[in-house]
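Step one of this worksheet: look at the structure below.
In the text below, chain A, chain B and the rest are named by the order of the sequence lines, each starting its count at 1.
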There are 2 protein chains.
Amino acid sequence: MEQALVDEIRAFNRFYTDIIGLLNRNFLDSPYSLAEIRVVYEIFHQQGIMASEIMDSMHIDKSYLSRILKKLEKDGLVTREKSGEDGRAYLLFLTETGKTEFNRLNRASDRQVVRLLEPLSGKEKERLVELMKNIKRILTPET
Amino acid sequence: MEQALVDEIRAFNRFYTDIIGLLNRNFLDSPYSLAEIRVVYEIFHQQGIMASEIMDSMHIDKSYLSRILKKLEKDGLVTREKSGEDGRAYLLFLTETGKTEFNRLNRASDRQVVRLLEPLSGKEKERLVELMKNIKRILTPET
DNA sequence: CCTAAATAGTTGATTTTGTCAACTATTTTA
DNA sequence: TAAAATAGTTGACAAAATCAACTATTTAGG
C-alpha cells in the first residue's frame with residue numbers, strides 16, 4: 001500500500017472537511033438541519049424521487065428520513081403522490097415554496113463561498129475550479 | 001459575483017462531502033464518534049494543546065468538549081496536567097494507548113482510501129494527489 | 001398461482017449528540 | 001484592585017439519529 005499517497009489524501013480530507021464545515025455553518029442558523037437541506041437538494045435535483053432512493057444515496061435510516069419528509073411536507077416544501085407503479089411508494093416533489101426556500105438557503109452559503117474566494121486572484125479562482133473538476137473527473141467512475 | 005464559479009465549487013463540495021462520508025463511515029463502527037476521533041486527532045498533532053484551542057479549531061461547544069475529554073481520559077486515551085502558565089487550564093496529551101488507538105482507527109479508514117484508489121492507474125493516483133496539494137496551496141492563506 | 005421473502009414506508013421507544021445557562025476558579029485589563 | 005474576560009465543569013434540555021416492530025404491497029421461487 002502506497003502509504004505516502006494515502007497520507008496525502010487523508011491530509012486533504014481533513015483540510016477539506018474544515019472548508020465544508022465553514023461553508024455549512026451558515027446553513028445551521030436556518031430552521032433546517034443539514035440532513036433536511038440535503039433531502040431537499042435530492043428532491044430538487046430529481047423530482048419524483050422515492051424516499052427509498054434518498055435513503056440509499058444519503059445512507060440515512062428510513063425512519064429518520066420518514067420524519068424529515070413529514071416535517072418538510074408539513075412546512076409546505078415537499079409534496080408526495082402515490083406511485084402508479086408501486087403501491088407502497090410515494091413520489092416526492094418540491095413545491096414552488098420548496099424551490100424558493102432551497103434557493104434562499106443556497107444564497108447564504110454562496111456568499112460564504114465568495115468570501116472564501118475573495119483573497120484569490122481571478123487566475124487563481126479559475127485554476128481552483130479547474131483542479132476541482134479534474135478531481136471529480138478522476139474519482140467519478142466511467143459510465 | 002461569478003455565479004458559474006460559485007456553482008462549480010458548490011458542486012464539488014457536494015461531491016466531496018460524499019467522498020468524505022464514505023471514508024468516515026467506517027469510523028462509525030468504532031466505539032468513538034467522529035467528534036471524539038477528531039479531538040484525539042487534534043491532541044495527536046499537538047501534544048500539550050489546551051481544550052480551549054481545540055474548541056476554537058473544531059467550533060465545538062466547550063461543555064460538549066469537556067465531556068468528550070472526560071470520556072477519553074476515563075478510557076485512558078488522554079491525560080491532562082495543569083498548565084504552569086495558566087492556573088485555569090490543562091494541557092492535554094495522548095497516552096501510548098491513545099496513540100495506538102488513533103493509529104488503529106486510521107488503519108480502517110486507510111483501507112477504505114485504498115479501495116477508493118483501486119480503479120485508478122498509478123499515474124492517475126499521482127495526479128489526484130497533485131491536484132489535492134494544489135487546492136490546499138491555493139486555499140491556504142500565505143503566512 | 002400462491003406462499004414466502006423482500007421492499008416501501010410509518011410509528012414508538014430509546015440513545016447519542018450537541019446546546020444553553022449557571023457556576024467556580026483563575027487571569028487580564030484598565 | 002475592582003471589573004471583565006477566560007478556562008473549564010455541571011445540570012437540564014433539545015435536536016439528531018437509531019432500533020425494533022408493524023402494515024401494506026410487490027417480487028421470486030417452487
Side-chain angles (χ1 to χ4, degrees), chain A residues 17 20-22 24-43 46 48-75 78-93 105, chain B residues 17 20-22 24-43 46 48-75 78-93 105:
Chain A
T17 297
I20 289 173
L22 171 72
N24 280 172
R25 222 163 292 138
N26 53 63
F27 283 127
L28 297 180
D29 46 48
S30 88
Y32 296 101
S33 70
L34 286 179
E36 286 161 344
I37 292 168
R38 179 93 193 270
V39 168
V40 171
Y41 165 80
E42 295 283 339
I43 302 173
Q46 193 183 329
I49 195 174
M50 285 176 7
S52 60
E53 295 175 288
I54 296 179
M55 190 190 112
D56 289 343
S57 74
M58 285 183 65
H59 302 93
I60 193 184
D61 189 88
K62 60 185 176 168
S63 66
Y64 182 33
L65 177 57
S66 172
R67 277 178 256 253
I68 287 178
L69 287 170
K70 188 161 47 172
K71 174 177 171 189
L72 294 175
E73 198 176 12
K74 196 195 87 211
D75 287 6
V78 166
T79 49
R80 13 185 244 167
E81 59 184 52
K82 247 182 150 41
S83 164
E85 314 202 325
D86 189 333
R88 299 163 299 181
Y90 295 89
L91 307 181
L92 300 165
F93 300 89
L105 289 168
Chain B
T17 297
I20 289 173
L22 171 73
N24 280 172
R25 222 164 292 137
N26 51 64
F27 283 127
L28 296 180
D29 46 48
S30 88
Y32 296 102
S33 69
L34 286 178
E36 287 161 345
I37 292 169
R38 179 92 195 270
V39 168
V40 171
Y41 165 80
E42 294 284 339
I43 302 173
Q46 194 183 329
I49 195 175
M50 285 173 12
S52 59
E53 295 175 289
I54 297 179
M55 190 190 111
D56 290 343
S57 73
M58 286 184 64
H59 302 93
I60 192 184
D61 190 89
K62 60 186 177 169
S63 67
Y64 182 33
L65 177 57
S66 172
R67 277 178 256 251
I68 288 178
L69 288 170
K70 186 157 55 168
K71 174 177 171 189
L72 294 176
E73 197 177 13
K74 196 194 87 213
D75 287 5
V78 166
T79 49
R80 12 184 245 168
E81 59 183 52
K82 249 186 147 40
S83 163
E85 314 202 325
D86 188 333
R88 299 162 299 181
Y90 295 90
L91 307 181
L92 300 165
F93 299 90
L105 289 168

Distance col, row B/N24:CG vs B/L34:CG, nearest 0.5 angstrom, shows 5.0 Å
For A/E81, the side-chain contact (heavy atoms from CB on, under 4.5 Å) test, sequence neighbours excluded, returns A/L91, A/F93
Taken in chain and number order and not counting sequence neighbours, the residues that satisfy salt bridge (Lys or Arg N to Asp or Glu O under 4.0 Å) with A/D75 are none
Applying salt bridge (Lys or Arg N to Asp or Glu O under 4.0 Å) to B/R80 and not counting sequence neighbours gives B/E73
When rounded to whole Å, the CD to C1' distance for the pair B/E36 and C/dT16 reads 10 Å
To the nearest angstrom, the CD1-P distance between B/I37 and C/dT17 comes to 10 Å
Whole-Å distance, B/L28 CG to D/dT18 P, equals 8 Å
Rounded to whole Å, CD1 of B/I68 lies from P of C/dT17 at a distance of 9 Å
So salt bridge (Lys or Arg N to Asp or Glu O under 4.0 Å) across residues 57-71 of chain A, not counting sequence neighbours, yields A/E36-A/K71
From OH of B/Y32 across to P of C/dT17 the rounded distance in Å is 12 Å
B/I60 CD1 to D/dA16 P, in whole Å, measures 16 Å
Residues passing the ring-ring contact (aromatic ring centres under 6.0 Å, His included) test with B/Y32, sequence neighbours excluded, are none
Each nucleotide of nucleotides 1-13 of chain D classed B (base within 4.0 Å of a protein heavy atom), S (only sugar-phosphate) or -, in 5' to 3' order, makes ----BBSBBBBB-
